[in-house]
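Reading through the structure tokens given below for one structure.
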Amino acid sequence: MQHNNQIISYLQANDILAKKLDYAFHGVSDAVSHQIETVGAGLQRALFYTSCFTTEYQTVCQQQRSEDIRFMKAALKLVHHGHVVRTLLSLYFDEIFRHRTASQLAWIKRSLMALNIHIAASHLTQHGFALAVTATIAAGVNASLNMSVLAGRRAGNVFAVAGIYGTIQNAAECADRLHYTLPAYYNALYAAELEMMYFLIAPLFERSGAIRNAWPSDEEITDIITKMIR
């Protein structure tokens, strides 16, 4: 997938100032604004590390170290194995379809067909349907990764480090929100050591409404899939 290759190339070049998965390039002004926010968040995160020698900040420092390690583990999975975005989506739909009956899956499939969305799943098992839906979304989603040259990218090592820390801070905050809104999905990502990559698809989940309901109805699932594709 093209967007997977973009992520991998970007990480391999040590330019981890990636914006989240988005439908379109938002322009230079938005990129500059995002870079300022990213560097600011990164500087704040780095400042917490300077306080690690004081007793009251030990818990925060331990949490940040854990997040940094898990981010790098997830990034390595992305570089070496690819298809991380597809895996993130597949794990979500595995959770959503886990307790659906064959008749419910058939109803969802028919509802999507009525909207001219065709899911290539001949055998309607929960996992098989999850894989088919994931493949359809991955093939049809109009997504791009905004990893263009951002302001300050070549401003020096201090800003480069702040940018990296800012991205990790963004990933950690997205993962933390997911932990409270979709705990079962978060646990699945955590077990796969991928929760720190959720930030890549967080905008897709927000726009589709997936993030708002841990137990969506069949009608809501149809709507979520439709919005993810379109």
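Just the heavy atoms: all of them, side chains too, but no hydrogens, waters or symmetry mates, feed the values below.
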query: Would you say the side-chain atoms of Y185 pair up with the backbone N or O of L88, donor to acceptor, closer than 3.5 Å?
result: yes
query: Any sub-3.5 Å donor-acceptor pair from S90's side-chain atoms to R86's backbone N or O?
result: no
task: Report whether Y190 and M72 are members of the same hydrophobic cluster (ILVMFWY, side-chain heavy atoms less than 4.5 Å apart, transitive linking).
output: yes
statement: Those residues at least two apart in sequence (or on a different chain) that pass side-chain contact (heavy atoms from CB on, under 4.5 Å) with S103 are T101
task: Taking the side chain as every heavy atom from C-beta outward, state whether C174 and N170 have any atom pair closer than 4.5 Å.
output: yes
- request: Flag the pair D176 / E173 as yes when at least one side-chain heavy-atom distance between them is below 4.5 Å, and no otherwise.
  value: no
- request: Could you note down all residue pairs passing salt bridge (charged side-chain N to carboxylate O under 4.0 Å, His left out) where residues 194-204 supplies at least one of them, sequence neighbours left out?
  value: R70-E195
task: Sort and list the pairs that fulfil salt bridge (charged side-chain N to carboxylate O under 4.0 Å, His left out) and have at least one residue in residues 96-119, not counting sequence neighbours.
output: E95-R98, R100-D218
message: Is there a side-chain contact between L178 and L189 in this structure, where contact means two heavy atoms from C-beta onward sitting under 4.5 Å apart?
response: yes
- prompt: Any side-chain heavy-atom pair from R230 and I117 closer than 4.5 angstrom?
  reply: yes
field: Straight-line distance of I201 CD1 to R207 CZ, nearest 0.5 Å
entry: 11.5 Å
- prompt: So, do T167 and F71 sit near enough that their side-chain heavy atoms are less than 4.5 Å apart?
  reply: yes
message: Ignoring hydrogens, what is the shortest heavy-atom contact between A214 and T181? Give both atom names and the distance.
response: CB-O, 3.9 Å
- request: For T222, check side-chain contact (heavy atoms from CB on, under 4.5 Å) against everything at least two apart and list the hits.
  value: W107, I108, S111, L112, L115, T226
message: Within the 4.5 Å heavy-atom criterion, are I224 and Y92 side-chain neighbours or not?
response: yes
- prompt: Going from NE2 on H83 to NZ on K77, what distance comes out if it is rounded to the nearest 0.5 angstrom?
  reply: 14.0 Å
- line: Closest non-hydrogen atoms of L91 and A192, given as atom of the first, atom of the second and distance, are CD1-CB, 4.1 Å
- prompt: Is it true that Y198 and F205 have ring centroids separated by less than 6.0 Å?
  reply: yes
- prompt: Can you check whether F93 reaches I225 side chain to side chain, under 4.5 Å on heavy atoms?
  reply: yes
- prompt: Below 4.5 Å, heavy atoms only, C-beta onward: do M196 and I168 meet side chain to side chain?
  reply: yes
message: The criterion is salt bridge (charged side-chain N to carboxylate O under 4.0 Å, His left out); which residues satisfy it with D223, sequence neighbours excluded?
response: K227
- request: Check side-chain contact (heavy atoms from CB on, under 4.5 Å) between P183 and all other residues, then give those that pass, not counting sequence neighbours.
  value: none
- prompt: Are I69 and F199 connected in a single hydrophobic cluster, I mean Ile/Leu/Val/Met/Phe/Trp/Tyr linked by side-chain heavy atoms less than 4.5 Å apart?
  reply: no
query: Among side-chain atoms of Q126 and D94, is any donor-acceptor pair under 3.5 angstrom?
result: no
I137-L131 co-clustered via ILVMFWY side chain contacts under 4.5 Å: no
task: Identify the two heavy atoms, one from L182 and one from N213, that lie closest to each other, and give their separation to 0.1 Å.
output: CD2-O, 3.7 Å
